[in-house]
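These notes are about the structure you will find just below.
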Amino acid sequence: MTATGQPALLEVDDLVVNFGTRRERRRGLKPNAVDGVSLTVGPDETLAVVGESGSGKTTVARCVVGLQAAQRGTVRFDGVQVGPVGTRTPATRRAVQMVFQDPAASLNPRMTVRAIITEAWRTHRSVAPTDRTWDAAIEDLLNDVGLDAGIAARRTPSLSGGQCQRVSIARALALRPRLLVCDEAVSALDVSVQSQILRLLVSLRASRGLAILFITHDLGVVRQIADRVAVMQHGRLVETAGADDLFDQPTHPYTRTLLDAALDLEGA
Ligand SMILES: Nc1ncnc2c1ncn2[C@@H]1O[C@H](COP(=O)(O)OP(=O)(O)OP(=O)(O)O)[C@@H](O)[C@H]1O
Ligand SMILES: [Mg+2]
């Protein structure tokens, strides 16, 4: 259940990830990168996970999408326990999509935008358009993410960072996901482009009923997008709160330190 009493779409329970060798793990030589994290995301809710570099945010995100196995704990999607991506049903693989920080690394530079999206539909035929041509559907998708239809014929190296990130979002949306996991998805962009992408995500969430797990180290970004915020430090969640409450009345000293650091940056 989520804080608002809705059944959760995503439930992470007592997740533990340790990157040590078996020997290091047995002897407790390496600290857990993720150390007993539990969180939930409701349908059409945006949960931001914040924390300093190395606190375990990406590792949690990778467990959620199935790119990383955990030593302990469970990930449940829509009430069903899910494991590494190879063990997931096609429906779950499709329903949980990730948007990465670096589109240059996550989008094939040799493929046109059209090919990137059609490849997604070839992998997941169940959501490929059948009522019209794929080109018409791609045009609509690109419009939905604020891109001209002409972009379909281009390759990503000729696009700006913001345009690439819109293409990443379009590819994810092509699969009609229910949960979007964004790992530092706007961190590499200029502040004005960041705001445009955040506004796009907020509007897509509403129009498509998406849930979003939004990983970021930037509290300014959190303010623009999150309903709730989970704060991580050294692999643990130290505080989870509604976004407004967290900014008004942080309860954990580490959260206060993060907020003070963000204010210092704003004032600088
Ligand atoms: N594949 C890996 N192998 C070994 N150690 C790893 C691996 N991935 C992450 N770690 C370690 O796990 C810890 C958590 O890393 P993680 O990338 O999850 O942090 P993060 O909060 O996403 O940091 P950042 O803000 O820099 O992206 C760090 O100590 C990191 O060095
Ligand atoms: Mg990270």
Side-chain angles (χ1 to χ4, degrees), residues 10 12-39 41 46-75 83-86 96-107 161 164-165 168-169 172 179-189 191 194 197-198 201 212-226 228-240 246 250 252-255 257-262 264-265:
L10 175 73
V12 172
D13 188 40
D14 196 24
L15 200 68
V16 172
V17 179
N18 189 297
F19 288 108
T21 59
R22 200 172 291 174
R23 179 177 161 276
E24 285 171 326
R25 284 208 293 272
R26 215 175 31 238
R27 301 193 173 189
L29 294 175
K30 210 157 197 176
N32 291 333
V34 174
D35 195 17
V37 165
S38 301
L39 54 83
V41 185
T46 300
L47 175 73
V49 177
V50 298
E52 66 200 357
S53 183
S55 56
K57 306 179 300 291
T58 292
T59 307
V60 170
R62 288 171 57 84
C63 288
V64 168
V65 296
L67 295 173
Q68 171 70 50
Q71 268 81 42
R72 198 178 82 201
T74 54
V75 176
V85 73
V96 182
Q97 289 295 317
M98 190 153 180
V99 177
F100 297 89
Q101 170 169 3
D102 181 6
S106 60
L107 299 171
C164 280
Q165 218 41 320
S168 301
I169 294 168
L179 174 68
L180 210 54
V181 179
C182 301
D183 186 6
E184 305 283 4
V186 298
S187 304
L189 304 173
V191 173
Q194 266 189 0
I197 301 283
L198 291 171
L201 287 171
I212 302 179
L213 180 64
F214 197 92
I215 311 286
T216 179
H217 64 276
D218 184 341
L219 285 165
V221 164
V222 169
R223 235 186 225 288
Q224 294 179 65
I225 192 159
R228 280 190 307 128
V229 188
V231 182
M232 283 189 78
Q233 182 188 28
H234 307 320
R236 298 212 169 106
L237 275 193
V238 296
E239 178 165 7
T240 306
L246 187 101
H252 194 279
Y254 176 66
T255 311
T257 311
L258 275 184
L259 285 170
D260 288 346
D264 283 351
L265 273 181

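Remember, it's 1-based here, ligands and their atoms both numbered in the order they're listed. Because the structure is a prediction, the values reported are computed rather than measured.
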Enumerate the atoms of ligand 1 whose separation from the nearest heavy atom of E52 is less than 4.0 angstrom. 21 (O)
Identify, for atom 29 (O) of ligand 1, the protein heavy atom at the shortest distance, and state residue, atom and that distance. G54 O, 4.1 Å
Look at the side chain of Q165 and the backbone N and O of F100, then say whether any donor-acceptor pair between them is shorter than 3.5 Å. yes
Counting only N and O atoms by type, is there a donor-acceptor contact under 3.5 Å from the side chain of K57 to the main-chain atoms of T216? no
Looking only at protein heavy atoms, which one is nearest to atom 3 (N) of ligand 1, and what is the separation? F19 CD2, 3.5 Å
Using protein heavy atoms only, decide if any is under 4.0 Å from atom 19 (O) of ligand 1. yes
Quick one: which of V238, L219, L237, T240 gives a side chain to side chain contact (heavy atoms under 4.5 Å, CB included) with V231? V238
Within the structure, is a non-hydrogen atom of G51 found at a distance of less than 4.0 Å from ligand 1? no
When you measure from atom 25 (O) of ligand 1 to every protein heavy atom, which one gives the shortest distance, and what is it? K57 NZ, 2.7 Å
How far apart are the C-alpha atoms of V60 and V49, what are their side-chain angles, what is the distance that settles it, and do they pass the side-chain contact (heavy atoms from CB on, under 4.5 Å) test? CA-CA 9 Å; V60 170; V49 177; 5.6 Å; no
Using heavy atoms and a threshold below 4.0 Å, how should the contact between H217 and ligand 1 be classified: side chain, backbone, both, or neither? neither
Under 2.8 Å from the Mg ion (ligand 2), is there any N, O or S atom belonging to T59? no
In this structure, atom 16 (P) of ligand 1 is nearest to the protein heavy atom T59 OG1, 3.6 Å
Among H234, H217, M232, find the one that has a side chain to side chain contact (heavy atoms under 4.5 Å, CB included) with E52. H234
If we set the cut-off at 4.0 Å for heavy atoms, which region of M232 has an atom near ligand 1: side chain, backbone, both, or neither? neither
Working for side-chain contact (heavy atoms from CB on, under 4.5 Å), residues L201 and F214: CA-CA 10 Å; L201 287 171; F214 197 92; 3.8 Å; yes
Whether D14 and R72 form a salt bridge (side-chain N of Lys/Arg under 4.0 Å from carboxylate O of Asp/Glu) is what I want to check. yes
Which ligand 1 atoms are under 4.0 Å away from a heavy-atom of T58? 17 (O), 18 (O), 20 (P), 22 (O), 27 (O)
Closest protein heavy atom to atom 26 (O) of ligand 1, given as residue, atom name and distance to 0.1 Å: S53 OG, 2.5 Å
Suppose I only count heavy atoms of A33 and a 4.0 Å limit; which atoms of ligand 1 are within that range? 12 (O), 13 (C)
Is it the case that the side chain of E184 and the backbone of Q101 share a donor-acceptor pair, with hydrogens and angles ignored and the cut-off at 3.5 Å? no
Criterion side-chain contact (heavy atoms from CB on, under 4.5 Å) on I212 and C182, from CA distance to verdict: CA-CA 7 Å; I212 302 179; C182 301; 4.2 Å; yes
